[in-house]
2 protein chains.
Amino acid sequence: MRRPTIADIARRAGVSQAAVSFALNGRPGVSAATRDRILAAADALGWQPNTAARSLSAAAAGAVGLAVARPARTLGVEPFFMQLISGIQAELSERGYALLLDLVEDVHAEASVHRRWWAERRVDGVLLVDLRTGDPRPEVLREIGMPAVLAGGPDPTGAVPGVWVDDARAMTAVVEHLHGLGHERLAHVSGPPVMEHSAHRAEAFGAAAGPEAARAATDFSDAEGAVATRGLLRRRPRPTAIVYDNDVMAVAGLSAARQAGLSVPGDLSVVAWEDSALCRLTHPTLTALTRDAFRFGAAAAARLLDLVRHGPGGGAVGDTEFELPELVVRESTAPPRPNGG
Amino acid sequence: MRRPTIADIARRAGVSQAAVSFALNGRPGVSAATRDRILAAADALGWQPNTAARSLSAAAAGAVGLAVARPARTLGVEPFFMQLISGIQAELSERGYALLLDLVEDVHAEASVHRRWWAERRVDGVLLVDLRTGDPRPEVLREIGMPAVLAGGPDPTGAVPGVWVDDARAMTAVVEHLHGLGHERLAHVSGPPVMEHSAHRAEAFGAAAGPEAARAATDFSDAEGAVATRGLLRRRPRPTAIVYDNDVMAVAGLSAARQAGLSVPGDLSVVAWEDSALCRLTHPTLTALTRDAFRFGAAAAARLLDLVRHGPGGGAVGDTEFELPELVVRESTAPPRPNGG
DNA sequence: CTGTTAGCGCGTTCAT
DNA sequence: ATGAACGCGCTAACAG
């Protein structure tokens, strides 16, 4: 019960292997009648291409990779990620590509994985997420010449094209929302400053909220989110609104505020960057920035496939902007109490 | 700047390709001196095996697949999944295997993906999760003869070996904890009855909590968790404790109870199946069943690789039990109020 | 024992 | 529409 090969089809249809190959790939060089006969034979035998053989001669893997350098704990907690992967996957499978996933320790391990994947011809390109300052990955990718797209760029070194979201503009919208409600003393609980997008957001926050606005940096965890919140709430004058860089920290901050005897949104307004079930399950429900992670992933994957199939000059060039996140106003933001602070 | 091949190494070392192959794979047939020379040459050229070529002659893909039939929304919200994948990945990469991930609509689509992967020789085996009643996958896998392991078995049809957790015993432990606190009217908010593990848990709950215990089935979402909770709390006599089949529903139930004017754990005790940051961020914090999803994934992957490399008779046979989940008691469970109900 | 030659695996492609 | 060679690594058979 060996799997049928091109040779089997050729034998059954009484033609050469070359004819079979042409027929199966729908190219000229075979008469309609022969083509039908060949296709019928292939169908009868239940033939499927052998990926390894095809990859060997095509010198292409038919797969793209995603190596992620984040602790499993963090990954698990953030719905964003699975949605992103799901979107990537949807785009890839539609075009017949497979997704190789690797979860690693840090960006250096990630760069090694990229090297290995490329050397072994396991993938035709990779997607990058979570760019850090001084990130070694773009340079490695440029060096080995592997197609890559950064989901969440742009890459400041310009080595890797990105599909990116204008975090700065989104942050400005958040600050304007809070200003519009009458808040004057804002604070920002950000992710690690080594993350490019964290840095961008912090910068945009500073620009929009004024120089005396308060900030605190964290590692994105609920624990540090709570600690940062307690620190900010001890300040005098106390901030009346805090923007958190993810949903998990926003929820943790909510708890911390409540433990400090403050009510939300009475004494403190809270905004979460990244929406999720979490934001809808708390009391009060959280005002949050939503973006469609699924479509974002799909867009990044599409861009990568363009690069893989048409080369650097084939499709779009440079960075592609993705739609702006939308602010969903819920219960956690309200005008500050006149006597607040 | 072509990638170096075996032929390049052979030329550089002044030997035949066969000698190079033997040397690189550490097998007899080459003298120590020649071997060193060959390895040095390979190293100097920076040679790496071409996966496609190796797969072609080895008739093995060097990869295993995981196709998941769950809505992206659900996947994202449950930390369990990323942890599981992370554990799978850790085990695979240690043994040089890659992970192919596919997120699909339903189990039928999943079965098609399995068929295609196997026909195209993209993978050497697959991992299965979320077995349903009447699930088509085990039968398909048996039919095509692809190695597979069920993470969360056992498979009642016996077609696929499983690495499983004794949900029944865990459920019994939960019920005993609640009985020990003095609760007599228990309720269970389960997942979809078509999920094998949901059915097992519900059955075990019925056996441990007695025939008049209340149950409600959901789709695992926060929305249905809330609805189910409201329904259960309208019963007279009212349950004094509810066990939820996941963390998301437990949190949603907490909110629903509070909206119904009940306090937790004063009027109602709550237990979540599956622990996560969610359980630690709520007020009160939730008593939960913890299991090490990372190690669970690693165990399932290890079992699959055994099967792939040594065949059905090679390693362990049949189902393998994984450690029992542990009950972490937090603030959401307490003795019922004497005047409760 | 050391090393070579030849040919396989499977689909694609170039002369003819 | 065909025969033959190619891509790359592995290995059975064989010679020194």
Side-chain angles (χ1 to χ4, degrees), chain A residues 1-39 41-42 45-63 96 116-122 124 309, chain B residues 1-39 41-42 45-63 96 116-122 124 309:
Chain A
M1 260 314 208
R2 199 175 33 80
R3 314 245 155 213
T5 69
I6 291 268
D8 296 324
I9 302 174
R11 216 168 300 128
R12 192 176 222 269
V15 293
S16 71
Q17 292 197 26
V20 174
S21 185
F22 284 136
L24 290 173
N25 295 315
R27 11 170 112 206
V30 244
S31 70
T34 310
R35 181 183 308 274
D36 288 350
R37 200 149 41 84
I38 291 171
L39 293 180
L45 292 171
W47 178 86
Q48 297 277 126
N50 176 322
T51 309
R54 185 164 274 178
S55 297
L56 185 57
S57 73
R116 187 167 48 72
W117 274 348
W118 186 240
E120 295 180 352
R121 298 276 206 291
R122 273 209 192 257
D124 297 320
R309 315 214 290 192
Chain B
M1 258 316 207
R2 200 175 32 81
R3 315 244 153 213
T5 69
I6 292 268
D8 296 323
I9 302 174
R11 214 169 300 128
R12 192 176 222 268
V15 294
S16 70
Q17 294 195 24
V20 175
S21 183
F22 285 138
L24 291 173
N25 295 317
R27 18 171 102 209
V30 234
S31 69
T34 310
R35 181 185 307 274
D36 288 349
R37 201 151 39 85
I38 290 171
L39 293 179
L45 293 170
W47 178 85
Q48 296 277 126
N50 175 320
T51 309
R54 186 165 272 179
S55 297
L56 185 58
S57 74
R116 186 167 48 73
W117 274 347
W118 187 241
E120 295 180 352
R121 296 276 204 291
R122 275 215 191 251
D124 298 319
R309 316 214 290 192

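We name chains A, B, ... by the order of the sequence lines, and we start the count at 1 in each one. The shown structure was predicted, so the numbers you read here are calculated from the model rather than taken from an experiment.
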(message) Using modelled atom types and a 3.5 Å cut-off, is there a donor and acceptor pairing between side-chain atoms of A:Arg35 and backbone atoms of A:Arg27?
(response) yes
(message) Has A:Asp36 got a side-chain atom pairing as donor or acceptor with A:Ala33's backbone, closer than 3.5 angstrom?
(response) no
To the closest 0.5 Å, what do you measure between [atom1] ([X]) and [atom2] ([Y])?
| X | Y | atom1 | atom2 | answer |
| --- | --- | --- | --- | --- |
| A:Ile38 | A:Ile9 | CD1 | CD1 | 8.5 Å |
| B:Asp124 | B:Trp117 | CG | CH2 | 12.0 Å |
| B:Ile6 | B:Arg11 | CD1 | CZ | 12.0 Å |
| B:Thr51 | A:Leu56 | OG1 | CG | 11.0 Å |
| B:Arg122 | B:Arg116 | CZ | CZ | 7.0 Å |
| B:Arg54 | A:Glu120 | CZ | CD | 7.5 Å |

[X] [atom1] to [N] [atom2], straight-line distance once rounded to whole Å:
| X | N | atom1 | atom2 | answer |
| --- | --- | --- | --- | --- |
| B:Leu56 | D:dG9 | CG | C1' | 9 Å |
| B:Arg11 | D:dC8 | CZ | C1' | 13 Å |
| A:Asn50 | D:dG9 | CG | P | 17 Å |
| A:Ile6 | D:dA4 | CD1 | C1' | 16 Å |
| A:Glu120 | D:dG9 | CD | P | 11 Å |

(message) Under 4.0 Å, counting only non-hydrogen atoms across every strand here, what does B:Thr5 touch: a base, just sugar-phosphate, or nothing?
(response)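 Sugar-phosphate only.
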(request) Just call it for B:Val15: base, sugar-phosphate, or nothing, with non-hydrogen atoms closer than 4.0 Å on any strand. (result)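 Answer is sugar-phosphate: B:Val15 comes under 4.0 Å of backbone atoms only.
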(message) Return whichever of A:Gln17 or B:Phe22 has its heavy-atom-nearest nucleotide of DNA chain C closer to the 5' end.
(response)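 Closest to the 5' end, via its nearest nucleotide, is B:Phe22.
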(request) Walk along DNA chain C from 5' to 3' and tell me the first and last nucleotide with an atom closer than 4.0 Å to a non-hydrogen atom of chain A. (result)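 Range of nucleotides touched by chain A: C:dC10 to C:dT13.
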(request) Check whether any side-chain heavy atom of A:Arg3 sits under 4.5 Å from a side-chain heavy atom of A:Asn50, and report yes or no. (result)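 No. Closest side-chain heavy atoms not under 4.5 Å.
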Does [X] place a side-chain N or O at less than 4.0 Å from the phosphate oxygens OP1/OP2 of [N]?
| X | N | result |
| --- | --- | --- |
| B:Trp47 | D:dC8 | no |
| A:Ser57 | D:dG7 | no |
| B:Arg54 | D:dC10 | yes |

(request) Scan residues 25-32 of chain B against DNA chain C and write down, sorted by residue number, each residue with any heavy atom closer than 4.0 Å; if none is found, say none. (result)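 Only B:Gly29, B:Val30, B:Ser31 qualify.
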